[in-house]
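Written out below as structure tokens is the structure these notes cover.
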Amino acid sequence: MKVKLDEIIDALEWVDADTQAFLNTETGETVMWMEYGDNDIDEEELEDEKYIRLPDQFEINEYHMMESFAYDRDERLVNAIKGSGAFRRFKDMAEEIGLIDDWYEFRDNCYRERAEEWCESHGIEWE
């Protein structure tokens with residue numbers, strides 16, 4: 001079975017403290033499970049061996065992505081990521097200094113790399 005890498009990436013982008021993503025190894029589909037909200041699947045079903053949990057928010061670590069981007073680009077971005085509200089300040093500063101498109105490209109590449117690494121570590125082929 002081959003999975004669509006773009007679907008894995010899309011699922012990773014939705015993962016946060018209250019949302020987790022899983023891959024159904026029989027169908028190749030991703031399933032989202034939310035702590036608060038309506039789910040298409042029961043939590044007990046996710047314990048079935050056919051479901052593999054995708055990386056969580058700590059394994060993805062978008063803050064680390066911002067750090068890597070900032071330290072390689074501009075001191076103003078480094079300053080923007082300090083303290084609470086870092087994500088908003090970072091994006092605002094990236095927009096202000098004309099690096100927002102570069103940021104989104106960098107971020108997309110990071111998610112792609114993380115998805116590929118995850119698939120490889122689980123022996124899953126992708127297209």
- Query: Just by distance, do the side chain of Glu125 and the backbone of Lys2 share a donor-acceptor pair under 3.5 Å?
  - Reply: no

- Query: For Glu49, does the CD atom sit with more than 12 other heavy atoms under 6.0 Å from it, leaving out its own atoms?
  - Reply: no

- Side-chain (Arg89) to main-chain (Ser84) donor-acceptor, under 3.5 angstrom: yes

- Exactly one candidate in Asp48, Ile52, Leu46 meets side-chain contact (heavy atoms from CB on, under 4.5 Å) with Lys50; the answer is Asp48

- Item | Heavy atoms of other groups near His122 NE2, more than 12 under 6.0 Å | yes

- Item | Non-hydrogen side-chain atoms of Met34 and Asp38 separated by less than 4.5 Å | no

- Any side-chain heavy-atom pair from Glu35 and Thr19 closer than 4.5 angstrom? no

- Message: Any heavy-atom pair between the side chains of Leu99 and Arg73 that's under 4.5 Å?
- Response: yes

- Task: Name all residues meeting the side-chain hydrogen bond (donor to acceptor under 3.5 Å, both in side chains) criterion together with Thr25; count only those two or more places apart in sequence or in a different chain, and write none if there are none.
- Result: none

- Message: Tell me whether Ile81 shares a hydrophobic cluster with Leu77, the cluster being built from Ile, Leu, Val, Met, Phe, Trp, Tyr side chains joined at under 4.5 Å.
- Response: yes

- Query: Should Tyr111 and Glu13 count as side-chain neighbours, where that means a heavy-atom distance under 4.5 Å?
  - Reply: yes

- Query: Any link between Tyr71 and Ile97 through a network of hydrophobic side chains (Ile, Leu, Val, Met, Phe, Trp, Tyr) touching at under 4.5 Å?
  - Reply: no

- NZ/NE/NH1/NH2 to OD/OE distance under 4.0 Å, Arg107 and Glu62: yes

- Message: Hydrophobic clustering (ILVMFWY, side-chain heavy atoms < 4.5 Å, transitive) - are Val15 and Phe22 grouped together?
- Response: no

- Item | Cation over ring face, Arg76 and Phe90, 6.0 Å, 45° | no

- Task: Kindly determine whether Arg112 and Glu116 satisfy side-chain contact (heavy atoms from CB on, under 4.5 Å), including the steps that lead there.
- Result: CA-CA 6 Å; Arg112 177 168 295 284; Glu116 289 174 357; 3.6 Å; yes

- Hey, are the side chains of Tyr104 and Lys91 touching, using non-hydrogen atoms and a 4.5 Å cut-off? yes

- Are Trp103 and Glu95 side-chain neighbours, meaning at least one heavy-atom pair lies under 4.5 Å? no

- Query: Would you say the side chain of Ile60 lies within less than 4.5 Å of the side chain of Met65, judging by non-hydrogen atoms?
  - Reply: yes

- Taking the side chain as C-beta and beyond, is there a heavy-atom pair between Ile8 and Leu54 under 4.5 Å? yes

- Atom pair CD (Glu105) and SG (Cys110), whose distance is rounded to the nearest 0.5 Å: 11.0 Å

- Query: Should Trp118 and Trp14 be counted in the same cluster of Ile, Leu, Val, Met, Phe, Trp and Tyr side chains packed under 4.5 Å apart?
  - Reply: no

- Message: Name the residue from Ile41, Leu23, Asn39 that meets the side-chain contact (heavy atoms from CB on, under 4.5 Å) definition with Val31.
- Response: Ile41

- Query: Taking everything shown except Asp101 itself, do over 12 heavy atoms lie less than 6.0 Å from its CG?
  - Reply: no

